[in-house]
There are 2 protein chains.
Amino acid sequence: MSDPIRSENLLYLTDEQLRQGIEAMYFAYRGFTADPDRILESMAYGRAHHRAIHFINRAPGTTVTNLLDILGVTKQSLNRVLRTLIEDGLVESRVGTSDRRERNLFLTEEGTALEHRLSDAQRARMRTAFREAGPEDVAGFRRVLEAMMEGEMKRQYLSLRESGK
Amino acid sequence: MSDPIRSENLLYLTDEQLRQGIEAMYFAYRGFTADPDRILESMAYGRAHHRAIHFINRAPGTTVTNLLDILGVTKQSLNRVLRTLIEDGLVESRVGTSDRRERNLFLTEEGTALEHRLSDAQRARMRTAFREAGPEDVAGFRRVLEAMMEGEMKRQYLSLRESGK
DNA sequence: TTGGAGTGTCAACAAAGCTGACGTATTGTG
DNA sequence: CACAATACGTCAGCTTTGTTGACACTCCAA
């Protein structure tokens, strides 16, 4: 009021704007997971399997501990998911070469096939959204999301980002 | 390659960019829910309670059916959550005035107090992220998220957006 | 008056998270 | 070499939050 320029600049920080941002996150995340969920529910898998498959594909040969760090769940919880994926022949667990206590995880051909189906669906929605919005909006989207991450997760995101070239 | 201008414009639509967008959504959503989750876990409540409280606060007097539509769960699932909130005196369920089959849901004073704690925490993170990014990025963030929603959810988001003034 | 909509509740179940405890390799260290 | 620590797997049990299916009650409208 006393400083129209400054208050106009900060209009996007009103409680109402923030609440809309919160609700946008909520509804968008549901859209974000909807397509893979539909594919997964036809099989005996859930979102937890998707996450495991995604990050094993993303970093082939990753260890169980590393996956635990990325996913932020307990080893018991991850193990249950991993076991079914290994039993079903989607994931292969090889004894580590340098450290034989470790297990290196890889997707099999079948696992890769499912990963493709899932990520194709998810990318298609992301692509549509990105195209609808445009490059500037996409950059903003990414910057806000990155600023929203917690420290440890942001580090993991950035390191994946790096390794992805 | 054959058309450098066009390919540069569409660089944000490469599979690598889309994958980064997907991972950004994943990690950011975990940050997004982290603060309320920490508050809730000290009580006997979970994310489902938070969602119910949020949308009852957002649209006081809303009916159970309306809430079911917004949250996209079964009435049995919602009812379990709602019952504990009513028993604990956070939510009040009043018989509808025009249609006495309906129940109009309101937050009590205590419920409003919890809503404030939760949304304050969530807004604080959103505010920090928005401030770090800037108004242009925030607009892009919102546009991409809106484009990512499914039809029905987008309609609900927009109608909440309207009613919020 | 009767059918259907809105609501609540019971039972049973599943996915996916959690803690705690224990066992087994394997590795690193004193 | 002996021993502690690490990486992994697993058993048991619990919680939250979702699901179906079935049933009852109230109330509105045709």
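Note on naming: letters A, B, ... go to the chains in the order of the sequence lines (proteins, then strands), and numbering restarts at 1 for each one.
In this structure, the nucleotide among dT17(D), dG6(C), dG17(C) sitting nearest to the side chain of Arg101(B) is dG6(C). Side chain of Arg51(B), nearest nucleotide from dT17(D), dA21(C), dT6(D): dT17(D).
Spacing between atom NE2 of His50(A) and atom C1' of dA16(C) amounts to 16 Å, rounded to whole angstrom units. Rounding to whole angstrom units, CD1 of residue Ile86(A) and P of dG9(D) are separated by 7 Å. Between the CG atom of Asn79(A) and the P atom of dA15(C) there is a distance of 16 Å, rounded to whole Å. In this structure, OH of Tyr45(A) is placed 17 Å from P of dA14(C), rounded to the nearest angstrom. Rounded to whole Å, the distance from CG on Leu67(A) to C1' on dG9(D) is 15 Å. Counting to the nearest Å, the C1' atom of dC8(D) and the CG atom of Asp69(A) are 14 Å from each other. When rounded to the nearest whole Å, the span between CZ of Arg38(A) and P of dT19(D) equals 15 Å. As rounded to whole Å, 10 Å separates atom P of dG28(C) from atom CD of Glu102(A).
Classification of the Phe141(B)-Phe130(B) ring pair by plane angle, with boundaries at 30° and 60°, yields perpendicular.
Ion pairing of Asp137(B) with Arg142(A) is absent here, as no side-chain N (NZ or NE/NH1/NH2) approaches a carboxylate O to less than 4.0 Å. A salt bridge links Arg19(B) with Glu16(B): the distance from a Lys NZ or Arg NE/NH1/NH2 to an Asp or Glu carboxylate oxygen falls below 4.0 Å.
Taking only distance into account, the side chain of Arg100(A) never meets the base of dA25(C) through a donor-acceptor pair shorter than 3.5 Å. One N or O donor and one acceptor, one from the side chain of Gln76(B) and one from the base of dG21(D), sit under 3.5 Å apart. In terms of polar N and O atoms assigned as donor or acceptor, the side chain of Arg80(A) comes within less than 3.5 Å of the base of dG17(C) in a complementary pairing.
For Glu102(B), the side chain to side chain contact (heavy atoms under 4.5 Å, CB included) criterion is met by Thr63(B), Asp99(B), not counting sequence neighbours.
As judged by a 4.0 angstrom heavy-atom cut-off over every strand, Ser98(B) is placed among residues touching the sugar-phosphate backbone only.
Sparse packing is recorded around CD of Glu136(A), with 12 or fewer heavy atoms of other residues, nucleotides or ligands lying under 6.0 Å away.
Of the two residues near DNA chain C, Arg103(B) and Gly72(A), the one whose nearest nucleotide lies more 5' is Arg103(B). Map Thr74(A) and Lys75(B) each onto its nearest nucleotide of DNA chain C; the residue landing nearer the 5' end is Lys75(B).
Not one side-chain nitrogen or oxygen of His49(B) sits closer than 4.0 Å to the OP1 or OP2 atom of dT16(D).
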